[in-house]
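I have a structure I would like to understand better, so I am pasting it below and will then ask my questions one at a time.
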2 protein chains.
Amino acid sequence: MHFDDKIPIYYQIKTHIYHEIITGTLQPGEKLLSVRQLALDVTANVNTVQRALSEMIAAGMIDSKRGKGNFVTMDETKITDLKTQLITEQVARAYQQLHALNLSDEEILTSLKHYMTQRGNVE
Amino acid sequence: MHFDDKIPIYYQIKTHIYHEIITGTLQPGEKLLSVRQLALDVTANVNTVQRALSEMIAAGMIDSKRGKGNFVTMDETKITDLKTQLITEQVARAYQQLHALNLSDEEILTSLKHYMTQRGNVE
DNA sequence: ACTAGTGTTCTATTTCTCTATTACACTATT
DNA sequence: AATAGTGTAATAGAGAAATAGAACACTAGT
């Protein structure tokens, strides 16, 4: 797993797992890999993985069962809400940063469309 | 100045000053506030400000003149290039993150347009 | 010369993140 | 009962980031 050294690893692990839940790579109720296996997978320490999990457990997105494992919540409403929240945050942040560079709404849309076509032609 | 505690302060200061240069708040050749005054303004330490400046000096975006002050580069090409670079980075990052949430190009555009109209009606 | 205002550098200390290691608590299987 | 596989917690140490404080180098005005 690739890490951005400007952002705490535990936070990036949390984001990564949230993405898996939202995209359905991890289904509601599904068991996660063990903390030790996750640590090996992302090349991080068990404690770092545990810290990421702790925040998700506190948020109710993951149910922890001692001796059994960690499980994605069965509450699909929570998953939907999380997805909506993350999308809104991403869109808002991107917009505000580009707006802060004095780009108009039209210019922002144009830049994004341009990026999409570029990307579309490459792959 | 508001800081995101997930990102180093020196890095956020750097980004902030780059934005001022790009938007023209700081003109080419213009003198910056002194490091001590900047430290007071953003509520950070002189050394932290100096670290941000050092990177911009190394990048050639700021000319440092000992005893006189720090000045925005006169090379407008560098400023244009920086703007292009930052916009590309922001757009790419936003796109990739939303794409990672399984949003199609159309959905990404729709989300952005929706955010813009919401924002437009509020302000 | 003196002084004030610049950028620059250094040391010491604190806080946070991450790691490594160990131990403990619980579950399921044998 | 014993064992292996879970989550959980505590400790100690390394490293980066940030702070505080002091000092040094240079410029300009008096």
Side-chain angles (χ1 to χ4, degrees), chain A residues 1-18 20-21 26-75, chain B residues 1-18 20-21 26-75:
Chain A
M1 181 172 173
H2 167 262
F3 290 120
D4 179 346
D5 65 3
K6 295 281 189 305
I7 302 173
I9 294 175
Y10 79 89
Y11 194 81
Q12 298 181 58
I13 294 172
K14 177 181 169 185
T15 301
H16 181 249
I17 294 177
Y18 270 170
E20 291 189 323
I21 294 175
L26 285 173
Q27 290 287 316
E30 184 174 347
K31 182 180 177 182
L32 275 66
L33 293 179
S34 77
V35 288
R36 290 170 180 82
Q37 187 57 50
L38 274 174
L40 290 177
D41 277 20
V42 303
T43 324
N45 190 269
V46 173
N47 296 316
T48 306
V49 172
Q50 184 65 32
R51 174 162 183 184
L53 290 173
S54 296
E55 294 195 359
M56 296 187 279
I57 293 166
M61 292 302 303
I62 289 182
D63 296 326
S64 170
K65 299 181 183 174
R66 200 184 193 112
K68 291 183 155 185
N70 289 306
F71 302 81
V72 177
T73 179
M74 300 282 279
D75 186 345
Chain B
M1 181 173 173
H2 166 260
F3 290 119
D4 179 345
D5 65 3
K6 295 281 187 306
I7 303 173
I9 294 176
Y10 81 90
Y11 194 81
Q12 297 181 58
I13 294 173
K14 178 181 169 184
T15 300
H16 181 249
I17 293 177
Y18 270 170
E20 290 188 322
I21 293 175
L26 285 173
Q27 289 287 315
E30 184 175 347
K31 182 180 175 182
L32 275 66
L33 294 179
S34 76
V35 288
R36 289 170 181 82
Q37 187 59 49
L38 275 174
L40 290 176
D41 278 20
V42 303
T43 324
N45 189 269
V46 173
N47 295 314
T48 306
V49 171
Q50 183 67 31
R51 174 162 183 184
L53 290 173
S54 296
E55 293 196 359
M56 295 187 278
I57 292 166
M61 292 302 303
I62 288 183
D63 296 326
S64 169
K65 300 181 183 175
R66 199 185 194 114
K68 291 182 153 184
N70 289 307
F71 301 82
V72 177
T73 180
M74 300 282 279
D75 186 344

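These numbers come from the heavy atoms of this one structure, side chains and all, not from hydrogens, waters or symmetry mates. Throughout, protein chains are lettered first and strands after them, A, B, ... in sequence-line order, and every chain is numbered starting at 1.
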Pairs satisfying salt bridge (charged side-chain N to carboxylate O under 4.0 Å, His left out), at least one member in residues 38-58 of chain B, at least two apart: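 Applying salt bridge (charged side-chain N to carboxylate O under 4.0 Å, His left out) to every pair that reaches into residues 38-58 of chain B, excluding sequence neighbours, yields Lys14(B)-Glu55(B).
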
Report the distance from atom CZ of Phe3(A) to atom P of dA16(D), rounded to the nearest whole Å.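 Taking atom P of dA16(D) as the reference, CZ of Phe3(A) is at 17 Å.
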
Quick one, which residues of residues 53-62 of chain B touch DNA chain C with a heavy atom under 4.0 Å?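 Nucleic-acid contacts, sorted: Ile57(B).
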
Look up atom CG in Leu38(B) and atom CD1 in Ile17(B), then write down how far apart they are to the nearest 0.5 Å.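 Answer rounded to 0.5 Å: 5.5 Å.
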
Looking at residues at least two apart in the chain, or sitting in another chain, which of them share a side-chain contact (heavy atoms from CB on, under 4.5 Å) with Ser54(B)?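 Listed in chain order: Gln50(B).
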
Expected output is a numbered-order residue list: members of residues 42-51 of chain B with a heavy atom under 4.0 Å from any atom of DNA chain C. What is it?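 Under 4.0 Å from DNA chain C: Asn47(B), Gln50(B).
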
Distance-only donor-acceptor test (3.5 Å): side chain Arg36(A), base dG7(D):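 It does, because a donor-acceptor pair links the side chain of Arg36(A) to the base of dG7(D) below 3.5 Å.
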
How many whole angstroms separate atom CD1 of Ile7(A) from atom C1' of dC16(C)?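 Those two atoms, CD1 and C1', are 16 Å apart.
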
Find every protein N or O atom lying less than 3.5 Å from an N or O atom of nucleotides 26-30 of chain D, and list the pairs.
unit_1, atom_1, unit_2, atom_2, d
dA28(D), OP1, Lys68(B), NZ, 3.3

Answer whether the closest heavy-atom distance between the side chains of Leu32(A) and Leu53(A) falls below 4.5 Å.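 Side chain of Leu32(A) against side chain of Leu53(A), heavy atoms only: contact under 4.5 Å found.
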
Stepwise, does the side chain to side chain contact (heavy atoms under 4.5 Å, CB included) test hold for Leu40(B) with Gln37(B)? CA-CA 5 Å; Leu40(B) 290 176; Gln37(B) 187 59 49; 4.2 Å; yes

Identify each donor-acceptor pair in which a side-chain atom of residues 2-9 of chain B lies under 3.5 Å from a protein atom, sequence neighbours left out, and give them as a table.
unit_1, atom_1, unit_2, atom_2, d
Asp4(B), OD1, Lys6(B), N, 2.8

Please tabulate, one pair per line, all N/O donor-acceptor pairs under 3.5 Å involving side-chain atoms of residues 59-74 of chain B, not counting sequence neighbours.
unit_1, atom_1, unit_2, atom_2, d
Ser64(B), OG, Asn70(B), OD1, 3.4
Thr73(B), OG1, Asp75(B), N, 3.0

Taking atom CZ of Arg36(A) and atom CG of Asn45(A), what is their separation to the nearest 0.5 Å?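 Arg36(A) CZ to Asn45(A) CG: 11.0 Å, rounded to 0.5 Å.
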
Kindly point out which of dG7(C), dG7(D), dT17(C) is positioned nearest to the side chain of Ser34(A)?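 So the nucleotide nearest the side chain must be dG7(D).
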
Distance check needed: dA17(D) P versus Gln12(B) CD, whole Å only.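 Taking atom P of dA17(D) as the reference, CD of Gln12(B) is at 13 Å.
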
